[in-house]
Structures are given as C-alpha cells and as structure tokens.
Amino acid sequence: MLATLVAVILLILYFSYLFSKLVAKSSLKMDSRGKGIKLLDRAVVGTDRSIDIIQVNERYFLIGNTATNMVCLAELSKEDVVLKENDVENINSLFQNMIFDKWKKKK
C-alpha cells in the first residue's frame with residue numbers, strides 16, 4: 001500500500017516535470033528577440049547615454065537612450081540612413097552630420 005502511494009506520487013511529479021518542460025518549449029517558440037527591429041548604429045555620448053539609429057521593419061528612428069529613459073528624437077528617411085558597408089571611416093561623420101541636420105531642422 002505504501003509502495004503504491006510512493007509510486008503514484010513519483011508518477012505525478014514526473015508528469016508535472018514533463019508538462020513544465022512542454023510549456024517552456026512552447027513559450028520559447030514565441031521569439032522575443034524582435035525580428036523586425038535592428039540596431040543600425042550607436043554613438044555613446046556619455047556614461048550610460050547613447051544615441052541610436054534603429055530600423056523597425058521599413059521605418060528608421062533616431063533614439064536617445066539613458067539608463068532610465070528612451071526617447072524618439074526623430075524619424076529618419078531611408079536616404080538619411082543609407083550607409084555603405086565598406087565606408088567605415090565616414091560612418092562617424094555621416095552619423096554626426098545626420099544628428100546635426102535633424103537638430104537644426106527642429107529649431
């Protein structure tokens with residue numbers, strides 16, 4: 001009688017373990033990495049502060065990040081964001097010019 005009770009408890013524990021693994025696998029299928037979101041460029045402007053260019057599907061945004069806040073500074077056109085892969089030296093100047101142009105337009 002006691003052996004049967006222990007066997008039933010062990011079976012319940014084993015099936016609950018299998019069920020929890022099944023639930024975990026199904027929740028991982030919903031990929032939370034954001035397939036439609038890409039970080040294109042980042043400029044660090046201080047401790048825990050950066051300005052980023054991100055692509056969300058076919059739209060581009062200039063984002064300001066701090067340790068506690070995130071702000072959309074501007075929406076960019078595709079022409080603003082076109083960067084040549086082999087043009088590494090000019091990427092910083094392109095990024096800085098883009099920021100200054102957007103800043104001047106807001107004034």
Side-chain angles (χ1 to χ4, degrees):
M1 178 88 165
L2 185 61
T4 306
L5 181 62
V6 170
V8 168
I9 291 174
L10 289 176
L11 275 173
I12 290 172
L13 290 174
Y14 178 71
F15 284 125
S16 63
Y17 169 75
L18 289 178
F19 180 73
S20 66
K21 286 189 73 146
L22 179 69
V23 169
K25 281 184 182 178
S26 67
S27 68
L28 288 177
K29 287 182 183 177
M30 294 186 303
D31 193 6
S32 62
R33 288 182 288 177
K35 291 180 182 178
I37 300 174
K38 295 178 186 173
L39 176 64
L40 300 178
D41 201 1
R42 170 172 282 167
V44 177
V45 293
T47 306
D48 294 331
R49 293 182 179 145
S50 67
I51 299 175
D52 305 329
I53 298 176
I54 62 169
Q55 178 182 3
V56 180
N57 296 325
E58 298 298 320
R59 297 173 68 187
Y60 300 92
F61 298 96
L62 186 64
I63 305 291
N65 283 317
T66 66
T68 59
N69 200 6
M70 179 184 290
V71 177
C72 180
L73 301 173
E75 183 168 355
L76 307 172
S77 66
K78 189 171 185 173
E79 293 79 27
D80 290 335
V81 181
V82 173
L83 299 174
K84 297 177 183 174
E85 292 178 14
N86 297 328
D87 201 6
V88 177
E89 295 176 6
N90 292 330
I91 288 178
N92 262 347
S93 63
L94 286 172
F95 187 76
Q96 289 172 350
N97 291 337
M98 187 185 319
I99 292 171
F100 289 126
D101 289 344
K102 290 295 177 183
W103 183 67
K104 287 178 186 175
K105 287 180 185 177
K106 283 199 171 194
K107 281 189 168 185

Taking all non-hydrogen atoms of both residues, which atom of [X] and which atom of [Y] are closest, and how far apart?
X	Y	answer
Gln55	Asn57	NE2-O, 2.8 Å
Phe61	Leu76	C-CD1, 4.2 Å
Asp52	Ala43	OD1-N, 4.5 Å

Would a hydrophobic clustering, with Ile, Leu, Val, Met, Phe, Trp and Tyr connected at side-chain separations under 4.5 Å, put [X] with [Y]?
X	Y	result
Val6	Tyr14	no
Ile53	Val45	yes
Leu11	Leu18	yes

Distance col, row Leu10:CG vs Leu5:CG, nearest 0.5 angstrom, shows 9.5 Å

One should read off an interatomic distance between Lys38 NZ and Asp41 CG, to the nearest 0.5 angstrom, of 14.5 Å

Paired with Leu62, the side chain to side chain contact (heavy atoms under 4.5 Å, CB included) test is passed by just one of Ile51, Val71, Ile54, namely Ile51

Requested in this report: Could you tell me whether a side-chain N or O of Glu75 sits under 3.5 Å from a main-chain N or O of Ser77, the two making a donor and an acceptor?
Outcome: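 No, the answer is negative, given that no donor and acceptor are paired below the 3.5 Å cut-off.
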
